[in-house]
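Keep in mind the model is a prediction, meaning the values are calculated, not measured.
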Amino acid sequence: MSKNTYAILGTGALGGYYGGLLAKAGFDTHFLLRSDYEHVRDHGMTVESIRGDFTLSADQVQAYGDPADLPACDVAVVCLKTTQNEQLPELLANCVKPDGVVLVLQNGLHPETDAAALVGEDRVLGGLCFLCSNKIGPGHIQHLDYGHIHMGVYQPEAANSLAARHFPGVVEDFNAAGIETINVDDLRLSRWKKLVWNIPYNGLSVVLNQTTDVMMADPGTRRRIEALMHEVQAAALAVDGKVIEDAFIQKMLDYTAKMEPYKTSMMLDYEAGRAMEIEAIVGDPCQAAKAAGQAIPHIEEVYSGLRKAAND
Ligand SMILES: NC(=O)C1=CN([C@@H]2O[C@H](COP(=O)(O)OP(=O)(O)OC[C@H]3O[C@@H](n4cnc5c(N)ncnc54)[C@H](OP(=O)(O)O)[C@@H]3O)[C@@H](O)[C@H]2O)C=CC1
Ligand SMILES: CC(C)(CO)C(=O)C(=O)O
């Protein structure tokens, strides 16, 4: 097992699940928490998972309520919502060693840019998390489905960067912890591919107030989903020259049809009155497509529906 140490920045649905698995596997893992810091410090964490429930006692969780107290780690894992990224200067100030790296596990077209601006592009890794997880109470994570990660370096052309040198060890650690992690050469293409799912389902879940199963059961909504997916495919090509095959769109439709009925994170945020990740997931791709001259009417319609929902 590697000697990498990990700082989990945001112990929510995703950070609690992956960080919990790393700690359970024996990796030196440090958890930054906010609202449930005292609870986790005193009682530990519980993960209910389709792969097997587990608990980490208070002694097994190295919990921190103040980012200034985090030790400098080899890998800082950004597990905040992108809407909370304005906190990154404070959160990343102490927790990464000078030769350490930042792994960004958020959704969006380019959520790595905020961390990269702080630590340098050559020290950033990104991961696309195919995970259905919710935080259902203090220190209480419910893992409902999937969980694999597609991970890559943010600056693939820099073959000898700190990120490139750390990358194999991080992938190995995650796999050793039971997190299936697949090495991707083209993180940017992977991000566009993830948006093929996130833009239609996250967006429409709020605009239509529906779970994935309800959306998939309605032929009109399914056509709208497919149209959105094809616009993401066209945007990826126009903006970055990235090719997404039609077969991939079909795969995402099949994947969702087989998924447990799912309330997207955007829908959960909307219902709870929290900020939604509208810009990272829909606004940034919209802006990039428009700048490249690519028409994306369905995506723009979803974007304005989301902005309206956020302001109501
Ligand atoms: N959940 C999932 O299944 C998936 C999520 N993602 C992506 O992962 C990212 C994280 O999502 P998710 O885990 O669902 O979000 P959550 O809201 O569950 O987790 C974010 C956590 O960050 C914590 N946090 C925010 N600011 C601070 C701070 N200053 N100090 C300490 N903790 C802080 C929050 O604390 P508090 O509890 O106090 O709010 C919260 O627990 C998003 O980009 C999402 O799109 C991607 C794929 C699947
Ligand atoms: C697509 C899904 C729901 C599960 O793979 C996910 O990863 C997300 O919410 O971003």
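Residues passing the side chain to side chain contact (heavy atoms under 4.5 Å, CB included) test with His230, sequence neighbours excluded: Gln233, Asp246, Ile249. For Tyr17, the ring-ring contact (aromatic ring centres under 6.0 Å, His included) criterion is met by His143, not counting sequence neighbours. When the side-chain hydrogen bond (donor to acceptor under 3.5 Å, both in side chains) test is applied to Asn85, the partners found at least two apart in sequence or on another chain are Gln106, Asp114. Partners of His110 under the side chain to side chain contact (heavy atoms under 4.5 Å, CB included) rule, at least two apart in sequence or in another chain, are Glu112, Thr113, Arg188, Asp284.
The ring pair (Phe, Tyr, Trp, His ring centres under 6.0 Å) test with Tyr146 is passed by exactly one of Tyr262, Phe130, Tyr255: Tyr255. When Ile8, Leu56, Val75, Val77 are each tested for a side chain to side chain contact (heavy atoms under 4.5 Å, CB included) with Thr29, only one passes: Ile8.
Classification of Lys251 and Glu245 as a salt-bridged pair fails, no side-chain N sitting under 4.0 Å from a carboxylate O. In this structure, Asp28 does not pair ionically with Lys3, as no charged nitrogen and carboxylate oxygen lie closer than 4.0 Å. Using a cut-off of 4.0 Å between Lys/Arg side-chain N and Asp/Glu carboxylate O, Lys135 and Asp36 are scored as salt-bridged.
Heavy atoms from other residues, nucleotides or ligands lying under 6.0 Å from NZ of Lys290 number 12 at most. Environment of CD in Gln87: crowded, with over 12 heavy atoms of neighbouring residues, nucleotides or ligands closer than 6.0 Å. Heavy atoms of other residues, nucleotides or ligands lying less than 6.0 angstrom from CD of Glu90 number 12 at most. Within a 6.0 Å radius of CZ in Arg307, no more than 12 heavy atoms belonging to other residues, nucleotides or ligands are found. Counting heavy-atom neighbours within 6.0 Å of Lys308 NZ, excluding the residue itself, gives a total of 12 or less.
Hydrophobic cluster of Leu237: the remaining members, joined at side-chain heavy-atom separations below 4.5 Å, are Val243, listed by chain and number. Other residues sharing the hydrophobic cluster of Val214, ordered by chain and number and joined by side-chain separations under 4.5 Å: none, the residue standing alone.
Between Tyr18 and Phe174, the two ring planes are tilted [angle within 30° to 60°].
Using modelled atom types, one finds no donor on one side chain facing an acceptor on the other under 3.5 Å when comparing Asn202 with Glu277. Under the 3.5 Å distance criterion, with hydrogens and angles disregarded, a donor-acceptor pair is assigned to the side chains of Tyr303 and Glu279. A side-chain donor from one of Tyr64 and His30 sits under 3.5 Å from a side-chain acceptor of the other. A donor-acceptor pair shorter than 3.5 Å cannot be found between the side chains of Ser57 and Asp59. Counting only N and O atoms by type, the side chains of Asp173 and Tyr6 include a donor and acceptor under 3.5 Å apart.
Counting heavy atoms from C-beta outward, Trp192 and Ile244 have side chains that approach closer than 4.5 Å. Between Val206 and Met276 the shortest side-chain heavy-atom distance falls below 4.5 Å.
Separation of atoms CD (Gln294) and SG (Cys286) is listed at 11.5 Å; rounding is to 0.5 Å. Between atom OG1 of residue Thr46 and atom CD1 of residue Ile141 there is a gap of 9.0 Å, rounded to the nearest 0.5 Å.
Linking ILVMFWY side-chain heavy atoms closer than 4.5 Å, directly or via other members, places Leu228 and Leu306 in a single hydrophobic cluster. Linking ILVMFWY residues whenever their side-chain heavy atoms come closer than 4.5 Å, directly or via other members, places Ile281 and Leu189 in the same cluster.
Side-chain atoms of Gln84 come within 3.5 Å of backbone N or O of Lys81 as a donor-acceptor pair.
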